Amino acid sequence: MSFRYRTSFDPPHHFRCLFRFLRKSQEAALSALLGGGALAGSLEAFAEEPARVYLETCLEVMADKANPGTLTDNSERLFSFGVIADIQYADLEDGYNFQGSRRRYYRHSLVHLQGAIEDWNKESSMPCCVLQLGDIIDGYNAQYKTSEKSLEVVMNTFKMLKVPVHHTWGNHEFYNFNRDYLTRSKLNTRFLEDRIVDHPETIPSENYYAYHFVPFPKFRFILLDAYDLSVLGVDQSSPKYQQCMKILREHNPNTELNSPQGLSEPQFVQFNGGFSQEQLNWLNEVLAFSDTNQEKVVIVSHLPIYPEASDSVCLAWNYRDALAVIWSHKCVVCFFAGHTHDGGYCEDHFGVHHVNLEGVIETAPVSQAFGTVHVYPDKMVLKGRGRVPDRIMNYKKEKALNF
């Protein structure tokens, strides 16, 4: 490492260094007092190498400037929210995924959920809400006719949480229930939505399960229905089923529609779905409102939409259409999804952070899989537990807010 003398005086840099230097002096004195040592001796030792200490302090400040993602003492936390995905609970012994390559902990997933709730309830800055990203119970429940019982068990567990939960629907919801049932169930949290006065175009249609809400001023969250276009949970005699089956068949000629084998667009499998044009138009209107009102937006979906952050077989059918809408606006900060179980992350070319959360169902008993996102004026910070890594998601430069 080499050092270069500064050729000009930088007052902000100088005073930050001086402030930290003085703070270190105070800390040394306080440490001596609390430890019962001689104050004079402690300060004398600290003062032996003032140049070295000041240099170290300056380097700390320089490191903070070089790494804008580092949280500093001056970072002001605005609010927090929890995230968890793919619980897929079933009262069954451990099993494996469809390929037989990944272990699934059906019964223990409930224990992981209980642990996550206990952690959220104990946090010093309690989350304002939790986003449940879909697949709350496993499809095996339908086979054993335990769908309603298992859902009740999980929902009773969520009652332990002291804050609201926003539920997203995934493919396993539709393996267990049809859309009409889900609309009437406790998994429909649309009653938590926000209505924008004088902007009826931002009110979602009843034809899909999507809504938006405001957990904190100038921040809007949008839940999307990634199975708005789907052959799952839909009456096979309905026009919508016929429309979606046509879309699927046009892109997937395989006898087994859950197989991506040989497909140029592997996302066109039966366990995925897509967004109708009606829903995309609605999303565009909400984002336009958020642009105008200088809001930051978090979007939530069970299915991911960015290839670099996900296995291609897990993407929404028409992920490109969703990206086109999002990229035409400045307000979107991040897009949270589940479904992949392995997780994934990428910041796209437009500065949108795509976070695919690791699934609870494939998380060993000795680990965990959930996170808390802390929101600051200039960034969002995901504090992960277990398999979920920490991530720093800086806003685009023009999007930093002053509070």
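Any value given below was found using the heavy atoms of this structure, including those in side chains, with hydrogens, waters and symmetry copies removed. None of these values were measured; they are calculated from a predicted model.
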Just by distance, do the side chain of Glu173 and the backbone of Asp135 share a donor-acceptor pair under 3.5 Å?
yes
Under a 3.5 Å distance rule, please check whether Asn318 uses its side chain to pair with a backbone N or O of Gly274 as donor and acceptor.
no
Regarding Asn272 and His339, do their side chains bring together a donor and an acceptor under 3.5 Å, going by distance alone?
yes
Anything under 30° is parallel, anything over 60° is perpendicular, the rest tilted; go ahead and classify Phe79 against Phe219.
perpendicular
Asp194 and Phe213 have their tightest heavy-atom pair at CB-CA, 3.7 Å
Quick check: does any side chain N or O of Trp169 sit under 3.5 Å from a backbone N or O of Gly134, one acting as donor and the other as acceptor?
no
After noting the C-alpha distance and the side-chain angles of Thr340 and Asn356, does the key distance pass the side chain to side chain donor-acceptor pair (under 3.5 Å) rule?
CA-CA 7 Å; Thr340 62; Asn356 301 334; 4.9 Å; no
Take a 6.0 Å sphere around CD of Glu256 and say whether it holds more than 12 heavy atoms from other residues, nucleotides or ligands.
yes
Can you tell me if Asn188 uses its side chain to pair, donor with acceptor, with the backbone of Arg184 under 3.5 Å?
no
Should Val375 and Phe216 count as side-chain neighbours, where that means a heavy-atom distance under 4.5 Å?
no
Has the side chain of Ser109 got a donor or acceptor atom that lies under 3.5 Å from a matching backbone atom of Ile87?
yes
Please confirm whether the backbone N or O of Val313 pairs with a side-chain atom of Asp311, one donor and one acceptor, at under 3.5 Å?
yes
Min side-chain heavy-atom separation Thr146-Ile137 under 4.5 Å:
no
For Gly338 and Ala85 the tightest heavy-atom approach is CA-CB, 4.0 Å
Drop me the distance from Leu223's CG to Glu193's CD, to the nearest 0.5 angstrom.
11.0 Å
Set out, in order, the CA-CA distance, both residues' side-chain angles and the distance that settles side-chain contact (heavy atoms from CB on, under 4.5 Å) for Thr363 and Glu358, then state yes or no.
CA-CA 8 Å; Thr363 301; Glu358 287 73 7; 5.6 Å; no
Would you say Asp86 and Leu133 make side-chain contact, with heavy atoms under 4.5 Å?
no
Where the side chain of Tyr376 meets the backbone of Glu76, is there a donor-acceptor pair that is under 3.5 Å apart?
no
Where the side chain of His212 meets the backbone of Thr202, is there a donor-acceptor pair that is under 3.5 Å apart?
yes
In terms of heavy-atom contacts, Cys346 and Glu308 come closest through SG-CB, 3.7 Å
Please step through side chain to side chain donor-acceptor pair (under 3.5 Å) for the pair His108 and Asp94, ending with a clear verdict.
CA-CA 8 Å; His108 199 86; Asp94 295 350; over 6 Å; no
With distance as the sole test, does Lys218 use its side chain to make a donor-acceptor pair with the main-chain N or O of Asn293 at under 3.5 Å?
yes
Sub-4.5 Å side-chain heavy-atom contact between Val163 and Val130
yes
Any side-chain to backbone donor/acceptor pair from Lys162 onto Trp120? Under 3.5 Å, distance only.
no
Which heavy atom in Ile305 sits nearest to a heavy atom in Leu315, and how many Å separate them?
C-CD2, 3.8 Å
Look at atom CD of Glu250 and say whether more than 12 heavy atoms of other residues, nucleotides or ligands are closer to it than 6.0 Å.
yes
Pair Asp228-Arg179, salt bridge (Lys or Arg N to Asp or Glu O under 4.0 Å): steps then yes or no:
CA-CA 10 Å; Asp228 183 11; Arg179 184 169 285 270; 5.6 Å; no
For Phe271 and Asn171, which heavy atoms make the closest approach, and how far apart are they?
O-CB, 3.4 Å
Would Arg107 and Asp91 pass as an ion pair if we require N to O under 4.0 Å?
yes
More than 12 heavy atoms of other residues, nucleotides or ligands under 6.0 Å from CZ of Phe177: yes or no?
yes
I'd like to know if the side chain of Asn394 pairs up with that of His353 as donor and acceptor (distance under 3.5 Å, no hydrogens or angles considered).
no
Evaluate Thr189 against Tyr209 for side chain to side chain donor-acceptor pair (under 3.5 Å), listing each step before the verdict.
CA-CA 9 Å; Thr189 48; Tyr209 172 64; 3.1 Å; yes
Assess whether a salt bridge exists between Arg190 and Glu206, defined as any Lys/Arg side-chain N lying under 4.0 Å from an Asp/Glu carboxylate O.
yes
Which distance, rounded to the nearest 0.5 Å, do you find between the CE of Met155 and the OG of Ser185?
7.0 Å
So CD1 of Ile117 and CG of Leu113: to nearest 0.5 Å the spacing works out to 4.0 Å
Using the rule given for side-chain contact (heavy atoms from CB on, under 4.5 Å), can you reason through Phe336 versus Val373, listing the C-alpha separation, both sets of side-chain angles and the distance that settles it, and then say yes or no?
CA-CA 11 Å; Phe336 281 96; Val373 181; 3.8 Å; yes
What are the two closest non-hydrogen atoms of Ile326 and Leu287, and how far apart are they?
CA-CD1, 4.1 Å
Within-4.5 Å side-chain heavy-atom neighbours: Val234 and Cys244
no
CD1 (Ile299) and CG (Leu224) are apart, to the nearest 0.5 Å, by 6.0 Å
The test is ring pair (Phe, Tyr, Trp, His ring centres under 6.0 Å); show your working for Phe335 and Tyr306 and say whether it passes.
CA-CA 9 Å; Phe335 189 105; Tyr306 196 60; 9.8 Å; no
Side-chain contact, heavy-atom cut-off 4.5 Å: Ile136 with Leu187?
yes
Using the side chain to side chain donor-acceptor pair (under 3.5 Å) rule, take His374 and Glu123 through it: C-alpha gap first, then chi angles, then the decisive distance, then the call.
CA-CA 11 Å; His374 302 295; Glu123 286 195 17; 4.6 Å; no
For Gln143, does the CD atom have more than 12 heavy-atom neighbours from other residues, nucleotides or ligands under 6.0 Å away?
yes
Hey, are Gln277 and Asn281 close enough side-chain-wise for a donor-acceptor pair under 3.5 Å?
yes
Check whether the side chains of Asn254 and Asn252 place a donor and an acceptor atom closer than 3.5 Å, and report yes or no.
yes
What do the steps show when you test Phe221 against His166 for ring pair (Phe, Tyr, Trp, His ring centres under 6.0 Å), and what is the final call?
CA-CA 10 Å; Phe221 285 33; His166 296 267; 7.9 Å; no
May I ask you to test the Leu92-Asp138 pair for a side-chain heavy-atom distance under 4.5 Å?
no
Using side-chain heavy atoms (C-beta onward) and a distance below 4.5 Å, is Pro204 in contact with Gln279?
no
To the nearest 0.5 Å, atom CZ of Arg387 lies from atom OG of Ser367 at 7.0 Å
Say you draw a straight line from CH2 of Trp317 to NE2 of His251; how long is it, rounded to the nearest 0.5 Å?
9.5 Å
Would you find more than 12 non-hydrogen atoms of other residues, nucleotides or ligands less than 6.0 Å from Lys383 atom NZ?
no
Chi angles and distances behind the ring pair (Phe, Tyr, Trp, His ring centres under 6.0 Å) call for His112, Tyr105:
CA-CA 10 Å; His112 281 320; Tyr105 305 90; 7.6 Å; no
Determine, for Arg104 against Glu362, whether the closest basic-nitrogen to carboxylate-oxygen distance falls under 4.0 angstrom.
yes
